[in-house]
K.L.:
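I'd like to ask some things about the structure below.
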There are 4 protein chains.
Amino acid sequence: MAVAGNSDGRVERSKAAVLAETYRQLTLSGLGGVSVDEVARNSGVAKTTIYRHWPSRSALLIDACSRMGGPQPAPDTGSVRTDLLALATAVAEQLWTAAWPSVLPSIIDAAERDPDIADMFAQLHQGNMAPFREVVARGRERGELRPDTVVDDVVTAVMAPLFYRRWFAKERVDDAFVHATVDHAIRSAQQT
Amino acid sequence: MAVAGNSDGRVERSKAAVLAETYRQLTLSGLGGVSVDEVARNSGVAKTTIYRHWPSRSALLIDACSRMGGPQPAPDTGSVRTDLLALATAVAEQLWTAAWPSVLPSIIDAAERDPDIADMFAQLHQGNMAPFREVVARGRERGELRPDTVVDDVVTAVMAPLFYRRWFAKERVDDAFVHATVDHAIRSAQQT
Amino acid sequence: MAVAGNSDGRVERSKAAVLAETYRQLTLSGLGGVSVDEVARNSGVAKTTIYRHWPSRSALLIDACSRMGGPQPAPDTGSVRTDLLALATAVAEQLWTAAWPSVLPSIIDAAERDPDIADMFAQLHQGNMAPFREVVARGRERGELRPDTVVDDVVTAVMAPLFYRRWFAKERVDDAFVHATVDHAIRSAQQT
Amino acid sequence: MAVAGNSDGRVERSKAAVLAETYRQLTLSGLGGVSVDEVARNSGVAKTTIYRHWPSRSALLIDACSRMGGPQPAPDTGSVRTDLLALATAVAEQLWTAAWPSVLPSIIDAAERDPDIADMFAQLHQGNMAPFREVVARGRERGELRPDTVVDDVVTAVMAPLFYRRWFAKERVDDAFVHATVDHAIRSAQQT
DNA sequence: CAGTAAACGAGACGGTACGTCCCGTCTTATG
DNA sequence: CATAAGACGGGACGTACCGTCTCGTTTACTG
């Protein structure tokens, strides 16, 4: 029967090749720099095939984007501060060195007008923030933070300055900045 | 003499019509959604003329963007907190209601690869933040903030959460959030 | 196999439509009056497609021109004079009534500067003169003309006055003129 | 009064500069290769001024063309044959070496559709042929040619082969060809 | 010698064409 | 039935030219 049709490995191979090339262009030039023709040329997969697997350029971009920035594991040192510091330092490092952050603005831009992309980005960001939320939640349960602490507010307090510095101020953050930010965020959730 | 004479108003009229239409498209679809042909069609200005005034589509976009978000006047109530609250509330309001914030991500995206656009954006953002910087500097001089306060850090502490909520979390901020953020930022600069 | 398969008739249809419209414009306004955009508009074939089949406007013109003035069959009445008269009369008729002769000057003009067009025109004219050459050659073999007759000289003697009258003198030739010209040409090749 | 207004030499100077540059472009690229903008650039005369003196590009071209190929003086050796030979040899020489013959096809092409250009060309050609007509007429008066000789037919018989060889056959004519052609033309007008 | 009118340069303007690149649809032949 | 190959219509890009226009300056003749 071969109902699922996965027996023929071609589909997987095509999709993989297309996504790989799409990802490559994505990191080079952002969402707007991805050309279906170019993807077809460089991946060796025919344009027809691409449009068979993804209904539109947009869908392909969504698919490729949603695989970006694989999930960090949440550290568990027993201290919110240490955990958050580890996570924040890693994110700060990536924000200025990895390829994928340069794609974020174009995704956010597209999300501004395309609900599907907005959904994808929400999920993507949700995934990326998961370790932060987990670490904060654990800290609250351990009593390090006030029981009425709103997890997202703490996460926001940690992440927002990093993103801001990456894209609005152009200055790269150093360890001191990350430390101060994390301390600041925690203190807010500890104060009476 | 009067060689440079602008007495022929055609240039002004053309430029104005083009910039207006460009701005319109900009707020509708971001940087990537602006088409020179479309601008020509809707503005009644010939494509040739557009290219006579701006050497490239990019230059036109830069010009149009740099006129966005006119400068807020800096309030001076005698209290940093009140001043910052007023400014932050206004910005928060605009972030979710005005047309131009939806263009920001596309600008930031373009800036990621185009140095000219990066420069324009730096200047634009500089301009938009000026009142904040002024208000904070005044507070520091009045002794409301520690003398070693770094102005930009305070501004970052106020703005970052607003931007983060606008584009990463999709939740609109309320007055309570703005208050908390401003208080938080000020407290950091007051603590011993 | 059949790799090259022309089974998809679209190419043929596109090419035909484009060439037809090009020919139409050609006869109306000469080489210089053919506009690719106009051809695209009137033929219903997209400009992109036109440039897919011809690398440049020039190539399209060359292609369209080289199909002009289909080959006359060479008559064979057994007499050079009768044969030549028939051919020359037909040419004279066409020179003043058909559409394509009006294109010749623009081709000759272009050939003055563009070697590709010069080649095309040489071949085109070669084709148009073929029946004349054949008829003269046969007459020489039959002994009607001296054995050392240079075929091209006879053809020139017949054609040159017709062309001259068409474009330099504006007077249309009549049968008497054609007769005199042909007789004259033949006599030159018969005299001792 | 100063009605004629020619006292101001600027008009003459402008016209001369424009015509010179036009002529230069004309011989380089034919009628179609003349660009008013380019003429303005290279002549130092403003486009406005050009259009002040000539109502259209076409008019400028007509003006420039009509000054081409200054009038040959008609030789008078006392023999039609010698006179014609001199003239024909000179023309043959020019056809392959001078600059202006390369413009003729584009003029003829334009004449095909533009009556004004047709008139200009008729007059131009008339002027160029004048010496030939004069020489033949004198020969007829002297009795060298039959009294019922049609002048234009003799001129045609001499010129047509030269033009034909220049533009249809690409082979340059030699002295022998010119001699044969002239002899041939004269003989036709002598025969009973 | 001041005033006027023509000629001029500089260049803005709307419009059409050029040839290229991309998008998303389509048609066909091959595995 | 997935695929490669590629034709197709459509839209945008940035450049060149055409002929019209507006403006301020120079030049020469006038009163």
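Please read all numbers here as calculations on a predicted model, not as lab measurements. So you know, we letter chains A, B, ... as the sequences are listed, proteins then strands, and number each from 1.
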K.L.:
In whole Å, what is the span from the CD1 atom of Ile50(B) to the P atom of dG14(F)?
P.N.:
11 Å
K.L.:
So does His53(A) get a side-chain nitrogen or oxygen closer than 4.0 Å to the phosphate oxygens (OP1/OP2) of dA2(F)?
P.N.:
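No, outside the criterion.
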K.L.:
Got a sec, which pairs hit salt bridge (charged side-chain N to carboxylate O under 4.0 Å, His left out) with one end in residues 98-108 of chain C, sequence neighbours left out?
P.N.:
none
K.L.:
Arg13(C): which residues meet the side chain to side chain donor-acceptor pair (under 3.5 Å) condition with it, sequence neighbours left out?
P.N.:
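Testing Arg13(C) for side chain to side chain donor-acceptor pair (under 3.5 Å), a comparison that skips the adjacent residues, returns none.
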K.L.:
Nearest 0.5 Å, please: how far is CG in Asp109(D) from CG in Asp109(C)?
P.N.:
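Rounded to the nearest 0.5 Å, the CG-CG separation comes out at 6.5 Å.
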K.L.:
Can a side chain N or O of Ser14(A) be found less than 4.0 Å away from OP1 or OP2 on dT3(F)?
P.N.:
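Checking Ser14(A) against dT3(F): at least one side-chain N or O falls below 4.0 Å of OP1 or OP2.
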K.L.:
Report, one pair per line, the protein and nucleotides 15-17 of chain F atoms (nitrogen or oxygen only) whose separation is under 3.5 Å.
P.N.:
{"residue": "dC17(F)", "atom": "OP2", "partner": "Arg41(D)", "partner atom": "NH2", "Å": "3.2"}

K.L.:
Can you tell me how far P of dA2(F) sits from NZ of Lys15(A), to the nearest Å?
P.N.:
11 Å
K.L.:
With sequence neighbours excluded, tell me which residues meet ring pair (Phe, Tyr, Trp, His ring centres under 6.0 Å) with Tyr51(C).
P.N.:
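Here no residue qualifies.
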K.L.:
Considering just the side-chain nitrogens and oxygens of Thr49(D), establish if one lies under 4.0 Å of OP1 or OP2 belonging to dG9(E).
P.N.:
yes
K.L.:
Once you round it to whole Å, what is the distance between P of dA12(F) and CG of Leu61(B)?
P.N.:
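Result: 14 Å.
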K.L.:
Please list all pairs meeting salt bridge (charged side-chain N to carboxylate O under 4.0 Å, His left out) that have one or both residues in residues 40-63 of chain A, counting only residues at least two apart or in different chains.
P.N.:
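Only Asp37(A)-Lys47(A), Glu38(A)-Arg41(A), Asp63(A)-Arg67(A) qualify under salt bridge (charged side-chain N to carboxylate O under 4.0 Å, His left out).
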K.L.:
With sequence neighbours left out, write down each residue that passes side chain to side chain donor-acceptor pair (under 3.5 Å) with Ser66(D), or none if nothing qualifies.
P.N.:
none
K.L.:
Side-chain donor-acceptor contacts of residues 24-32 of chain D below 3.5 Å, not counting sequence neighbours, with atom names and distances?
P.N.:
{"residue": "Arg24(D)", "atom": "NE", "partner": "Glu21(D)", "partner atom": "OE1", "Å": "3.0"}
{"residue": "Arg24(D)", "atom": "NH2", "partner": "Glu21(D)", "partner atom": "OE2", "Å": "3.0"}
{"residue": "Gln25(D)", "atom": "OE1", "partner": "Ser35(D)", "partner atom": "N", "Å": "3.1"}
{"residue": "Gln25(D)", "atom": "NE2", "partner": "Glu21(D)", "partner atom": "OE2", "Å": "2.9"}
{"residue": "Thr27(D)", "atom": "OG1", "partner": "Tyr23(D)", "partner atom": "O", "Å": "3.3"}
{"residue": "Thr27(D)", "atom": "OG1", "partner": "Arg24(D)", "partner atom": "O", "Å": "2.9"}
{"residue": "Ser29(D)", "atom": "OG", "partner": "Gln25(D)", "partner atom": "O", "Å": "3.4"}

K.L.:
On DNA chain F, does the nearest nucleotide to Val45(C) precede the nearest nucleotide to Ala46(A) from the 5' side, or the other way round? Give the residue.
P.N.:
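Comparing both residues, the 5'-ward one is Ala46(A).
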K.L.:
Please list, by residue number, the residues of residues 104-114 of chain B whose heavy atoms come closer than 4.0 Å to an atom of DNA chain E; answer none if no residue qualifies.
P.N.:
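Going residue by residue through residues 104-114 of chain B, none turns out to have a heavy atom under 4.0 Å of DNA chain E.
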K.L.:
Whole Å only: how far is the CG atom of Asn42(B) from the P atom of dA12(F)?
P.N.:
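Answer to the nearest Å: 10 Å.
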K.L.:
Under the side chain to side chain donor-acceptor pair (under 3.5 Å) rule, collect the residues that match up with Ser58(D), sequence neighbours excluded.
P.N.:
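For Ser58(D) the side chain to side chain donor-acceptor pair (under 3.5 Å) partners, ignoring immediate neighbours, are Asp114(D).
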